[in-house]
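Right, one structure below, let's go through it.
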Protein chains: 2
Amino acid sequence: MERVSYRGRTAQDTLNHLRETGLRITEPRVEVVEEIHGRQGLFTGEQLYGDLRERGSGVGRATIFRTIDVLVELEILDRVHQPDGAHGYVLRSPGHRHHLVCSACGDVVEFQGCNVGDLIDDLATRTDFRIEGHWLEIFGTCGRCQQPG
Amino acid sequence: MERVSYRGRTAQDTLNHLRETGLRITEPRVEVVEEIHGRQGLFTGEQLYGDLRERGSGVGRATIFRTIDVLVELEILDRVHQPDGAHGYVLRSPGHRHHLVCSACGDVVEFQGCNVGDLIDDLATRTDFRIEGHWLEIFGTCGRCQQPG
DNA sequence: AGCTTATTGATACTGAGTATCAATATAGCA
DNA sequence: TGCTATATTGATACTCAGTATCAATAAGCT
Ligand SMILES: [Mn+2]
Ligand SMILES: [Mn+2]
Ligand SMILES: [Zn+2]
Ligand SMILES: [Zn+2]
């Protein structure tokens with residue numbers, strides 16, 4: 001339930017994870033992985049693309065989105081759904097996490113300790129669904145964004 | 001926690017709700033409201049548009065999306081986020097609800113009785129966020145979609 | 001170094017929604 | 001019931017977030 005440092009996993013760890021999965025370590029992937037590990041808070045694919053471009057990278061737009069998909073699949077990134085319908089991504093700490101997201105600035109506080117297990121067990125017995133996962137996302141306004149002016 | 005019938009609120013109720021909010025009751029809005037009250041399960045704006053067109057309605061595409069927004073705002077519809085990133089909408093029963101969504105066919109079971117209140121209180125005291133809302137969405141495969149063949 | 005094939009970037013495309021704006025219809029009121 | 005102010009509409013063009021295609025390239029294995 002406390003703010004979780006993203007330092008728990010390095011860019012190198014993530015690259016190893018990619019390799020172990022049988023994926024090739026390419027220059028574009030290295031760039032994207034290093035970029036996301038240097039970030040905090042929510043970002044979009046477009047932002048990632050823009051920022052890499054700015055610092056002279058030649059990574060293609062499609063590659064950005066492809067790589068994001070891979071990283072979401074590997075649970076390195078989490079996809080976050082915002083109230084306005086837009087999607088952002090956040091680096092994910094190991095384990096089961098959820099997010100408290102600032103609707104104003106996109107700041108994210110990860111937390112764990114969600115207590116929906118019982119609820120899910122209940123649903124599993126009461127419906128004929130095979131339950132595969134859940135999302136819990138909490139949103140509000142962070143301290144900084146509450147300041148007037 | 002049980003499957004909730006959508007019959008709890010009629011198209012007429014919804015139209016009254018619109019009127020009470022100060023919104024005009026227009027032909028397109030009536031068509032959309034009647035259409036959604038005749039549905040069950042998840043639908044997209046595009047589907048709504050297509051279906052209304054098929055039955056000879058002249059409602060514009062923009063109007064569909066505008067009306068959906070109004071209905072989400074008024075808590076007549078819920079926006080549902082699917083694992084693949086697509087958005088659907090469901091008629092919402094009165095009160096605080098969440099959804100169990102079939103990833104294969106889009107079937108939806110509404111449920112209530114979410115137990116994240118304590119969690120949220122906790123977050124509110126531990127962070128400086130003003131908390132404004134939450135999403136809880138559970139997904140899996142419904143009984144029908146589990147059948148082989 | 002050579003070979004296989006995963007990955008890339010350019011390009012063009014889609015899907016979902018939105019800004020614009022002149023035309024129209026609604027609701028409140030005389 | 002008709003008049004008027006303005007909320008709403010539909011057509012159009014546009015944006016934004018991603019995706020399919022495909023020839024060129026580069027990883028990684030041997
Ligand atoms: Mn979403
Ligand atoms: Mn809840
Ligand atoms: Zn903020
Ligand atoms: Zn299903």
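Since we're looking at a predicted model, the values are computed, not measured. Numbered from 1 within each chain, the chains take letters A, B, ... in sequence-line order.
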Rounded off to whole Å, could you give me the CD-to-C1' distance for the A/E31 and D/dA26 pair?
-> 14 Å

The side-chain hydrogen bond (donor to acceptor under 3.5 Å, both in side chains) partners of B/R130 (sequence neighbours excluded) come to B/E132

Letter per nucleotide, 5' to 3', of nucleotides 8-13 of chain D [B base touched, S only sugar-phosphate touched, - untouched; heavy atoms, 4.0 Å] = SBBS--

Would you kindly give the CG-to-P distance between A/L71 and C/dT7, to the nearest whole Å?
-> 12 Å

In whole angstrom, give the distance that lies between atom CG of B/D69 and atom P of C/dA19.
-> 10 Å

State, to the nearest 10°, the angle formed by the axis through the first five base pairs of the helix from C/dA1-D/dT30 to C/dA30-D/dT1 and the axis through its last five.
-> 40°

Using distance alone, with no hydrogens and no angle criterion, decide if A/H98 and A/H134 have a side-chain donor and acceptor under 3.5 Å apart.
-> yes

If you measure only the distance, is there a donor-acceptor pair under 3.5 Å linking the side chains of A/T14 and A/H37?
-> yes

Gap between atoms CZ and P, on B/F65 and C/dT20 respectively (whole Å) | 19 Å

How long is the gap from CD on A/E137 to CG on A/D78, to the nearest 0.5 Å?
-> 9.0 Å

Between P of D/dT19 and CD of A/E46, the distance in whole Å = 13 Å

In whole Å, what is the span from the CD atom of A/E73 to the P atom of C/dT7?
-> 13 Å

Go through the structure and list residues passing side-chain hydrogen bond (donor to acceptor under 3.5 Å, both in side chains) with A/T63, not counting sequence neighbours.
-> A/R66

Starting at the 5' end of DNA chain C, which residue's closest nucleotide do you reach first, B/R19 or B/Y89?
-> B/Y89

Partners meeting salt bridge (charged side-chain N to carboxylate O under 4.0 Å, His left out) with B/D51 (sequence neighbours left out) | B/R39

Does anything in residues 24-34 of chain A pair up under side chain to side chain donor-acceptor pair (under 3.5 Å), and if so which pairs, sequence neighbours excluded?
-> A/E31-A/S57

Nearest atoms (heavy-atom pairs only) where B/V59 meets B/Y49 | O-CE1, 3.3 Å

A/F43 near the nucleic acid: base, sugar-phosphate alone, or nothing, with a heavy-atom cut-off under 4.0 Å?
-> nothing

Spacing of B/E20 atom CD relative to C/dA27 atom P, expressed in whole Å | 14 Å

At their closest point, which heavy atom of B/R92 faces which heavy atom of B/L77, and how far apart are they?
-> CB-C, 4.2 Å

